[in-house]
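I have placed the structure first, in the form of structure tokens, so that the comments after it can refer back to it.
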Amino acid sequence: MKVIVTKNYNESCRTAAEEIIKQVKKDPESKLGLATGGTAENVYPVLVEAYKEGKVDFSGISTVNLDEYIGMDPTSPQSYRKCMDSWFFDQVEIDKERTYCPSGMNKPEDEIKLFNEKLYADKMVDLQLLGVGVSGHIGFNEPGESLTAGVHIESLDESTIKANSRFFDSPDDVPRESITMGIGDIMKAKKIVMIVTGENKVPVMKELLTNDNVTCKVPATMLKMHRDVTVVIDEELAAAAGYQA
Ligand code: F6R
């Protein structure tokens with residue numbers, strides 16, 4: 001696992017975006033796995049800026065997003081489709097037909113089938129962008145006795161409901177379930193770039209960066225088994241987690 005320690009979160013966003021831009025320049029038809037959430041959000045303006053400056057062309061890429069809340073209307077501000085449209089897809093030249101955000105409104109079995117087609121029908125994901133939850137989740141793969149390899153419906157951990165309640169009027173409004181790529185789906189991406197910041201992620205970063213354990217209790221630790229993972233963190237988080245290069 002490669003760890004890049006930056007001066008601050010802004011620099012982390014630039015660094016993660018640079019990895020994506022490098023990938024798209026190498027292969028303009030790249031398939032990108034994309035993430036939402038507060039940490040990943042600020043990676044997109046850097047991509048949009050690079051596009052506007054003519055430094056990168058997204059018109060040939062295809063994308064698949066990690067997850068969505070069950071029951072979430074795609075036009076609602078909390079919908080991950082809505083986030084992706086406003087943060088990225090509507091601001092660059094991209095073929096929207098080749099962007100996929102799972103629907104939380106469809107029949108689960110139908111959506112799982114479609115999600116798998118989008119993930120695997122043509123090519124594998126070249127680069128997967130990830131954040132990580134306070135629970136240690138990646139995508140919405142929450143800690144437990146075991147993890148699920150493929151696309152599935154997942155109940156959200158109490159800590160995730162609490163953390164994500166900042167995007168809703170009240171914790172009661174946070175959906176309890178999500179549709180998500182499984183751990184195996186994430187691990188099949190050729191390259192993974194994870195961006196992490198914030199004091200509440202210290203325990204997870206300790207588990208990920210300061211020991212060699214792999215445990216379902218902290219799903220992000222599965223990344224230790226992947227060949228090409230880059231974790232981008234700021235020096236404040238690195239110090240608090242006790243990470244030393
Ligand atoms: C979002 C996703 C989640 C988030 C995670 C961190 O698509 O899959 O795993 O990356 O919940 O969210 P923030 O950055 O808001 O703490």
Side-chain angles (χ1 to χ4, degrees), residues 2-68 72-103 118-119 122-132 138-139 164 166-167 181 186 189-198 201 228-237:
K2 184 174 159 195
V3 182
I4 301 178
V5 180
T6 66
K7 283 257 160 270
N8 53 44
Y9 169 58
N10 269 349
E11 279 307 306
S12 292
C13 292
R14 297 220 149 259
T15 304
E18 275 312 317
E19 293 290 329
I20 295 171
I21 291 166
K22 222 193 307 170
Q23 171 64 43
V24 175
K25 281 187 167 164
K26 190 175 80 182
D27 176 6
E29 292 183 5
S30 289
K31 183 168 180 172
L32 302 182
L34 297 177
T36 52
T39 315
E41 176 174 357
N42 294 304
V43 173
Y44 297 105
V46 188
L47 297 180
V48 172
E49 180 189 83
Y51 161 77
K52 287 189 174 151
E53 288 171 356
K55 291 183 182 153
V56 61
D57 174 9
F58 295 110
S59 63
I61 67 165
S62 57
T63 69
V64 181
N65 262 75
L66 280 164
D67 42 26
E68 177 59 289
M72 181 56 74
D73 178 340
T75 62
S76 138
Q78 291 98 349
S79 140
Y80 291 158
R81 160 52 78 181
K82 185 86 180 160
C83 291
M84 288 310 304
D85 283 348
S86 63
W87 297 346
F88 187 39
F89 301 149
D90 287 343
Q91 300 206 50
V92 297
E93 192 195 337
I94 196 166
D95 181 357
K96 278 249 196 120
E97 290 292 309
R98 283 188 286 142
T99 67
Y100 171 73
C101 297
S103 164
K118 298 292 178 183
L119 270 170
D122 48 357
K123 49 167 19 199
M124 308 293 272
V125 168
D126 293 296
L127 184 152
Q128 176 69 55
L129 177 66
L130 290 181
V132 65
I138 48 177
N164 288 11
R166 71 194 196 278
F167 300 116
M181 283 187 206
I186 294 172
K190 290 181 204 151
K191 181 177 181 66
I192 295 177
V193 176
M194 175 189 257
I195 177 165
V196 193
T197 190
K201 307 286 170 66
D228 189 354
V229 178
T230 301
V231 181
V232 186
I233 54 170
D234 45 83
E235 57 187 28
E236 199 179 327
L237 176 55

inquiry  = Measuring only between side-chain heavy atoms, which start at C-beta, is M194 closer than 4.5 Å to I138?
reply    = yes
Minimum-distance pair of heavy atoms, taken over all atoms of F58 and L47 = CE1-O, 3.6 Å
key: Closest approach of P74 to S79 (non-hydrogen atoms, all atoms of both residues)   = O-OG, 3.2 Å
message = Measuring only between side-chain heavy atoms, which start at C-beta, is W87 closer than 4.5 Å to E41?
response = yes
ask   = If you round to the nearest 0.5 Å, how far is NZ of K191 from CG of L127?
value = 6.5 Å
ask   = Would you call K52-E49 a salt bridge at under 4.0 Å N-O?
value = no
query = Between the main-chain N or O of Y80 and the side-chain N or O of E68, is there a donor-acceptor pair closer than 3.5 Å?
reply = yes
task = State, with a plain yes or no, whether a side-chain heavy atom of T63 is found less than 4.5 Å away from one of M84.
result = no
ask   = Any sub-3.5 Å donor-acceptor pair from Y100's side-chain atoms to L119's backbone N or O?
value = no
Partners passing side chain to side chain donor-acceptor pair (under 3.5 Å) against Q128 (at least two apart in sequence or in another chain) = none
Carboxylate-amine/guanidinium proximity below 4.0 Å for K96 and D90 = yes
query = Taking all atoms of both residues into account, what is the closest heavy-atom pair of V64 and K118, and its distance?
reply = CG2-O, 3.7 Å
task = Give the minimum heavy-atom separation between A40 and I195, together with the two atoms involved.
result = CA-CG2, 4.4 Å
key: Pair T99, R81: side-chain N/O donor-acceptor within cut-off below 3.5 Å   = yes
task = With sequence neighbours left out, write down each residue that passes side chain to side chain donor-acceptor pair (under 3.5 Å) with T36, or none if nothing qualifies.
result = none
key: Pairwise side-chain contact, K31 with M124, heavy-atom cut-off 4.5 Å (strictly under)   = no
request  = Look at the side chain of R98 and the backbone N and O of G60, then say whether any donor-acceptor pair between them is shorter than 3.5 Å.
outcome  = yes
key: I20 and V193, any side-chain heavy atoms less than 4.5 Å apart   = no
remark   = Result for side chain to side chain donor-acceptor pair (under 3.5 Å) between D234 and one of T197, N8, T6 points to T197
request  = Would you check if Y9 and E236 make a side-chain contact, meaning some heavy-atom pair closer than 4.5 Å?
outcome  = no
key: Sidechain-backbone polar pair: S30 side chain, L32 backbone, donor-acceptor under 3.5 Å   = no
note = side chain to side chain donor-acceptor pair (under 3.5 Å) filter on D126, not counting sequence neighbours, yields K123, K190
inquiry  = Checking the side chain of K25 only, and the main-chain atoms of K55 only, is there a donor and an acceptor separated by less than 3.5 Å?
reply    = yes
key: Closest contact, heavy atoms only, P77 versus C83   = O-SG, 3.9 Å
inquiry  = Keeping T15 on the side-chain end and E11 on the backbone end, is there a donor-acceptor pair under 3.5 Å?
reply    = yes
request  = For residues C101 and N65, report the shortest heavy-atom separation together with the two atoms involved.
outcome  = SG-OD1, 3.6 Å
